[in-house]
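Notes follow the structure.
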Amino acid sequence: MRTALHFSANDVALTRFAVSPMQEVVGGLRALAGAAVPEPHRRWAEQVRGRLAATGLDRGRLAGMVPHTGHLPDFLNPAPAGSSPTLAEELTAIAATGAAQVRADLDLLAAEAGGRLPPVLEPLYRDPAAQLPRLTAEIEAYWQLALAPYWARIRTLLEADVFHRSRQAAAQGTARMLDDLHETVRWDGTALLLDRRHCAVTRLNAGAGLLLLPSAFVWPRVLTRVLPPDPPQLSYPARGAAALWESRPGTAERSDALAAVLGRSRARLLAELDSPASTTELARRTGLSAAGVSQHLTALRAAGLTSAHRAGHSVLYARTAVGDALFDPADSGFDRPGEAFDPAVTGGPAAR
């Protein structure tokens with residue numbers, strides 16, 4: 001199906017970008033929902049699926065609302081008010097969703113599933129006001145297990161995409177930038193043409209402009225949302241998303257160089273955190289004592305190089321954007337004029 005989203009000059013002028021944690025929550029769940037996880041995300045899926053199964057989150061309300069294909073509830077992706085909302089801000093918007101909107105989204109899910117909701121969603125349909133706080137708590141739990149330890153890496157990817165496309169629009173025009181978003185998206189001068197859509201996308205009474213959301217997880221498709229009075233949303237694969245989970249080249253060499261500054265044990269631990277890990281796992285990999293690993297991680301965290309994230313009964317440690325930059329300076333974003341990353345960011349619900 002091909003649909004067209006028509007634009008006025010005012011709509012073009014109001015087109016903007018945003019980085020949305022909830023877009024990654026929904027996109028990540030959709031990637032996990034299929035029989036086979038898309039190739040770019042299998043390394044990530046191998047690490048998080050066990051955590052989700054251990055807590056039952058793979059069978060909860062949130063998982064029940066995100067099928068592998070078909071309708072995604074609009075209320076799970078509230079329109080960001082700014083360019084970089086926090087997860088906490090988006091959860092507040094979700095918790096405030098009216099009962100009519102919740103039931104309308106669930107009705108669409110039921111229709112695509114043969115006319116009946118999964119039992120786990122029936123309480124939400126009966127009493128949205130009472131169940132939405134439980135849903136937002138579940139989203140936050142999923143975030144801590146599946147995304148918070150990786151958020152520095154994901155956010156760097158998304159912000160780099162926004163930076164690139166903003167420069168492209170400034171240098172070559174908005175039309176060229178829109179044409180370059182995805183193979184199924186094309187600007188014809190008056191409308192944005194969207195090919196192979198699951199459902200029609202029309203402006204109707206939606207707000208002016210267009211909200212563009214780069215995503216690490218929507219590959220290989222694009223996702224759309226049109227819910228008046230919000231502006232239409234288009235979520236597209238961020239540049240470089242296919243290589244997001246690949247091990248960084250030259251890690252061993254960089255670790256050797258960093259050892260002269262950080263000490264060999266701390267440099268080794270920082271290198272091992274190319275994938276988030278617990279103290280016990282890091283001790284097993286490195287041969288250091290668990291107490292020694294804990295002491296070194298505390299120092300690395302105080303320096304803004306690592307962050308800690310509760311995952312069930314354990315704590316996962318991950319490199320921050322600053323820590324990642326030590327191993328891949330060219331991908332850190334520090335070469336962007338006027339930009340820098342905050343070393344205090346931990347990647348939790350309130351992170352950018």
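For the numbers below, each heavy atom of this structure counts, side chains included, while hydrogens, waters and symmetry mates do not. For clarity, every value in this text was computed on a predicted model and none was experimentally measured.
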State, yes or no, whether a side-chain contact exists between Leu181 and Val222 at a heavy-atom distance under 4.5 Å. no
Hydrophobic clusters here meaning ILVMFWY residues chained together by side-chain heavy-atom distances under 4.5 Å, can you tell me if Leu316 and Trp151 are in one? no
Verify same cluster id: Leu192, Leu14 (apolar side-chain graph, 4.5 Å): no
Those residues that, when tested against Arg176, pass salt bridge (Lys or Arg N to Asp or Glu O under 4.0 Å) (two or more places apart): none
Any non-hydrogen side-chain atom of Leu32 less than 4.5 Å from a side-chain atom of Val48? yes
Quick one: OG on Ser215 to CZ on Arg30, what's the gap to the nearest 0.5 Å? 11.5 Å
Distance, nearest 0.5 Å, that separates CG of Leu147 from CD of Glu140: 12.5 Å
Please enumerate all residues that pass side-chain hydrogen bond (donor to acceptor under 3.5 Å, both in side chains) together with Asp58, with sequence neighbours excluded. none
Donor-acceptor pair, distance only, cut-off 3.5 Å: does the side chain of Arg153 make one with the backbone of Leu244? yes
Are side-chain heavy atoms of Leu76 and Val25 found at a separation under 4.5 Å? no
Between Ala216 and Leu158, which heavy-atom pair has the shortest distance, and what is it? N-CD2, 3.7 Å
Hey, which of Arg42, His41, Arg43 is the one that makes side-chain hydrogen bond (donor to acceptor under 3.5 Å, both in side chains) with Glu39? Arg42
With side chains defined as the heavy atoms from C-beta onward, is the minimum distance between Pro85 and Pro21 less than 4.5 Å? yes
Verify, without hydrogens or angle tests, whether Ser294 (side chain) and Ala290 (backbone) share a donor-acceptor contact under 3.5 angstrom. no
For Trp219, give me all partners under ring pair (Phe, Tyr, Trp, His ring centres under 6.0 Å), at least two apart in sequence or on another chain. none
Verify side-chain contact (heavy atoms from CB on, under 4.5 Å) between Asp11 and Leu210, making sure each step is shown before the conclusion. CA-CA 7 Å; Asp11 292 321; Leu210 175 67; over 6 Å; no
So, using ring pair (Phe, Tyr, Trp, His ring centres under 6.0 Å) as the criterion, who are the partners of Tyr317 when residues are at least two apart? none
How many angstroms lie between NE2 in His309 and CH2 in Trp143, if you round to the nearest 0.5 Å? 10.0 Å
Give the cluster check for Val12 versus Met177: same hydrophobic cluster or not, with ILVMFWY residues linked at side-chain heavy-atom distances below 4.5 Å. yes
Check side chain to side chain contact (heavy atoms under 4.5 Å, CB included) between Asp127 and all other residues, then give those that pass, not counting sequence neighbours. Ala129, Ala130
For Ala175 and Trp187 the tightest heavy-atom approach is CB-CD1, 3.3 Å
Heavy-atom nearest pair, Ala318 first then Pro276, reads CB-CG, 4.0 Å
Please check: side-chain N/O of Thr320 versus main-chain N/O of Gly304, any donor-acceptor pairing under 3.5 Å? yes
Hits for salt bridge (Lys or Arg N to Asp or Glu O under 4.0 Å) against Arg268, two or more places apart or cross-chain, chain-then-number order -> Glu272
Considering residues at least two apart in sequence or located in another chain, which fulfil the salt bridge (Lys or Arg N to Asp or Glu O under 4.0 Å) criterion with Arg284? Glu281
Tyr150: side-chain hydrogen bond (donor to acceptor under 3.5 Å, both in side chains) partners, not counting sequence neighbours: Gln47, Arg51
Close side-chain approach of Val218 and Gln23, heavy atoms under 4.5 Å: yes
Mind checking whether Val19 and Glu24 have side chains closer than 4.5 Å, heavy atoms only? no
Is there side-chain contact between Leu227 and Gln101, with at least one heavy-atom pair below 4.5 Å? yes
Closest contact, heavy atoms only, Leu132 versus Ala95: CD1-O, 3.7 Å
Decide whether Val102 and Leu108 are clustered together by the hydrophobic rule: side chain heavy atoms of Ile, Leu, Val, Met, Phe, Trp, Tyr closer than 4.5 Å, transitively. no
In chain order, what residues pass the side-chain hydrogen bond (donor to acceptor under 3.5 Å, both in side chains) check against Gln233, with sequence neighbours excluded? none
Measure from the side-chain N and O atoms of Arg225 to the backbone N and O of Asp74, and report whether any donor-acceptor pair falls under 3.5 Å. yes
Approximate separation, where rounding is to 0.5 Å, of Leu326 CG and Leu262 CG: 7.0 Å
Taking the side chain as every heavy atom from C-beta outward, state whether Met22 and Ile94 have any pair of such atoms under 4.5 Å apart. yes
Judged by atom type as modelled, is there a donor-acceptor pair below 3.5 Å linking the side chain of Arg61 to the main-chain atoms of Leu124? no
At what distance, to the nearest 0.5 angstrom, does CZ of Arg264 lie from CG of Leu288? 12.0 Å
Show which residues join Leu211 in its hydrophobic cluster (side-chain heavy-atom contacts under 4.5 Å, direct or indirect), or state none. Leu213
Indicate the atoms forming the closest heavy-atom contact of Pro40 with Ala241, along with that distance. CB-O, 4.4 Å
Kindly say whether Arg126 contributes a backbone atom to a donor-acceptor pair with the side chain of Arg103 at under 3.5 angstrom? yes
Test side-chain contact (heavy atoms from CB on, under 4.5 Å), reference Leu57, set Ile139, Leu29, Leu52, output is Leu52
Main-chain N/O of Val315 paired with Arg310 side-chain donor or acceptor, under 3.5 Å: no
Can you label the angle between the Trp44 ring and the Phe217 ring as parallel, tilted or perpendicular, going by 30° and 60°? tilted
Check step by step if side-chain contact (heavy atoms from CB on, under 4.5 Å) holds for Leu282 and Thr279. CA-CA 5 Å; Leu282 289 169; Thr279 300; 5.8 Å; no
What distance do Leu121 atom CG and Asp105 atom CG have between them, rounded to the nearest 0.5 Å? 11.5 Å
Residues in salt bridge (Lys or Arg N to Asp or Glu O under 4.0 Å) contact with Arg16, at least two apart in sequence or another chain: none
Got more than 12 heavy atoms from elsewhere within 6.0 Å of CZ, Arg285? yes
Do Tyr125 and Asp107 pass the side-chain contact (heavy atoms from CB on, under 4.5 Å) test, and can you show the C-alpha distance, the side-chain angles, and the key distance before you say yes or no? CA-CA 9 Å; Tyr125 192 95; Asp107 282 339; 3.0 Å; yes
Run the salt-bridge test on Asp324 and Arg319 with the 4.0 Å N-O cut-off and return the result as yes or no. yes
Residue Arg134 excluded, over 12 heavy atoms near CZ under 6.0 Å: no
His182 side chain vs Pro220 backbone, donor-acceptor pair below 3.5 Å: yes
Gln168: which residues meet the side-chain hydrogen bond (donor to acceptor under 3.5 Å, both in side chains) condition with it, sequence neighbours left out? Asp180
side-chain contact (heavy atoms from CB on, under 4.5 Å) between Val185 and Leu194: does it pass, once the steps are laid out? CA-CA 5 Å; Val185 177; Leu194 308 171; 3.8 Å; yes
